[in-house]
2 protein chains.
Amino acid sequence: MSGTNTGVPSVLAHDLPRPVPPDELAACPVGDVFRRVGDKWSMLLVILLGTRPHRYNELHRAVEGISQRMLTRTLRGLEADGLVWREVHPTVPPGVEYGLTPLGRSLLEPLSALADWAVRHEAELNKVRRTAPNRSG
Amino acid sequence: MSGTNTGVPSVLAHDLPRPVPPDELAACPVGDVFRRVGDKWSMLLVILLGTRPHRYNELHRAVEGISQRMLTRTLRGLEADGLVWREVHPTVPPGVEYGLTPLGRSLLEPLSALADWAVRHEAELNKVRRTAPNRSG
DNA sequence: CAGGATCCGAGCGGATACTG
DNA sequence: CAGTATCCGCTCGGATCCTG
């Protein structure tokens with residue numbers, strides 16, 4: 001997709017003749033978006049909600065490792081970004097459903113590319129991790 | 001790319017007949033990879049290094065906003081993951097170059113998809129942000 | 001030039017207890 | 001069931017000073 005020009009100034013000209021404008025890169029919204037969906041749980045929830053709408057506790061069980069606090073916070077954040085919708089059914093006991101908005105579903109595609117990369121190179125990453133001396137400063 | 005099966009169990013079966021195994025999702029390495037390259041600067045550096053190798057201060061100026069500490073730490077992390085190589089030229093004053101490994105360059109592709117999405121939907125995200133009442137708990 | 005060392009505030013994120 | 005409220009440790013990440 002690096003070859004398809006959409007009219008928007010592409011941030012990734014690595015295989016294009018253009019020698020890249022660094023200012024354009026530094027000011028690009030890539031960082032912002034990553035700060036929003038790049039946290040510990042957001043993309044996991046987006047991926048999970050991408051399969052079908054889920055109830056609150058359904059998500060809680062599915063991710064299993066996330067705390068109630070973080071699940072709520074993350075869902076609220078995704079909702080505020082317009083990536084996730086929230087529907088309350090006024091029943092007893094109450095039922096709340098979460099799902100992806102069209103915007104969220106559009107995010108699912110590039111996210112899937114990254115997820116696929118992660119799965120494919122998982123072993124490779126872990127191997128290098130152990131090999132390299134971890135002298136973190 | 002959601003339709004292409006690579007032999008690896010796909011985490012994203014949202015448009016596939018398979019109703020998704022949630023255990024597989026929770027245990028998938030997507031979260032791990034995001035924890036590694038999903039921080040504030042990693043993907044920005046990967047994108048920047050994807051254009052051509054850079055010197056240390058060159059990166060420092062290009063990103064401009066990153067501190068020395070974080071630049072070094074992030075580069076070390078990417079190096080430990082095998083995404084970035086580091087080459088020291090024993091000159092005076094010393095010159096250190098950073099660049100993408102083949103693994104890092106392979107990451108550039110899915111990253112570009114996400115970056116493109118970010119650029120395309122930047123306005124949309126910001127609009128929703130202001131519209132929605134921010135009741136974060 | 002390319003970092004290392006140290007200090008520090010801010011926020012993430014988990015645990016627990018409580019509620020409509 | 002679907003949250004809210006509070007406490008708390010931990011890490012992220014910036015600022016500053018120092019070095020080979």
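So that the names make sense, note that chain A is the first sequence line, chain B the second, and so on, each numbered from 1. Since we're looking at a predicted model, the values are computed, not measured.
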Between C1' on C:dG3 and OH on B:Y98, what's the gap in Å once rounded to a whole number? 8 Å
Whole angstroms only, please: what is the CG-P distance between A:L75 and D:dT4? 11 Å
Partners of A:E58 by side chain to side chain contact (heavy atoms under 4.5 Å, CB included), sequence neighbours excluded? A:R52, A:H54, A:R55, A:R61
Nearest whole Å is fine: how far is D:dA2 P from A:H60 NE2? 11 Å
Once side chain to side chain contact (heavy atoms under 4.5 Å, CB included) is applied, do any residues pair with B:V88, and if so which ones, sequence neighbours excluded? B:R86, B:V96
Nearest-Å distance for atom pair CG/P, residues B:N57 and C:dA2: 5 Å
Roughly how bent is the helix from C:dC1-D:dG20 to C:dG20-D:dC1 end to end, in steps of 10 degrees, with each end axis from five pairs? 50°
For B:T74, which residues count as a side-chain hydrogen bond (donor to acceptor under 3.5 Å, both in side chains) partner, sequence neighbours excluded? none
Heavy atoms, side chains only, cut-off 4.5 Å: are B:E87 and B:H89 in contact? yes
Which residue pairs satisfy the ring pair (Phe, Tyr, Trp, His ring centres under 6.0 Å) criterion with at least one member in residues 90-118 of chain A, sequence neighbours excluded? A:W117-A:H121
A:H54 NE2 to D:dG3 P, in whole Å, measures 15 Å
Sorted by chain and number, sequence neighbours left out, side-chain hydrogen bond (donor to acceptor under 3.5 Å, both in side chains) with B:S67 holds for none
Pairs under 3.5 angstrom, nitrogen or oxygen only, protein versus nucleotides 13-20 of chain D, please.
{"unit_1": "D:dG13", "atom_1": "OP1", "unit_2": "B:K40", "atom_2": "N", "d": "3.3"}
{"unit_1": "D:dG13", "atom_1": "N7", "unit_2": "B:R69", "atom_2": "NE", "d": "3.3"}
{"unit_1": "D:dG13", "atom_1": "N7", "unit_2": "B:R69", "atom_2": "NH2", "d": "3.0"}
{"unit_1": "D:dG14", "atom_1": "OP1", "unit_2": "B:K40", "atom_2": "NZ", "d": "3.1"}
{"unit_1": "D:dG14", "atom_1": "OP2", "unit_2": "B:S67", "atom_2": "OG", "d": "3.3"}
{"unit_1": "D:dG14", "atom_1": "O6", "unit_2": "B:R69", "atom_2": "NE", "d": "3.0"}

Going by the rule side chain to side chain contact (heavy atoms under 4.5 Å, CB included), which residues pair with A:P53 if we only count those two or more places apart in sequence or in a different chain? A:W85, A:E97
Could you state the CZ-P distance from A:R76 to C:dC12, rounded to the nearest angstrom? 16 Å
Suppose we screen for side-chain hydrogen bond (donor to acceptor under 3.5 Å, both in side chains). Which residues come up paired with B:T101, at least two apart in sequence or across chains? none
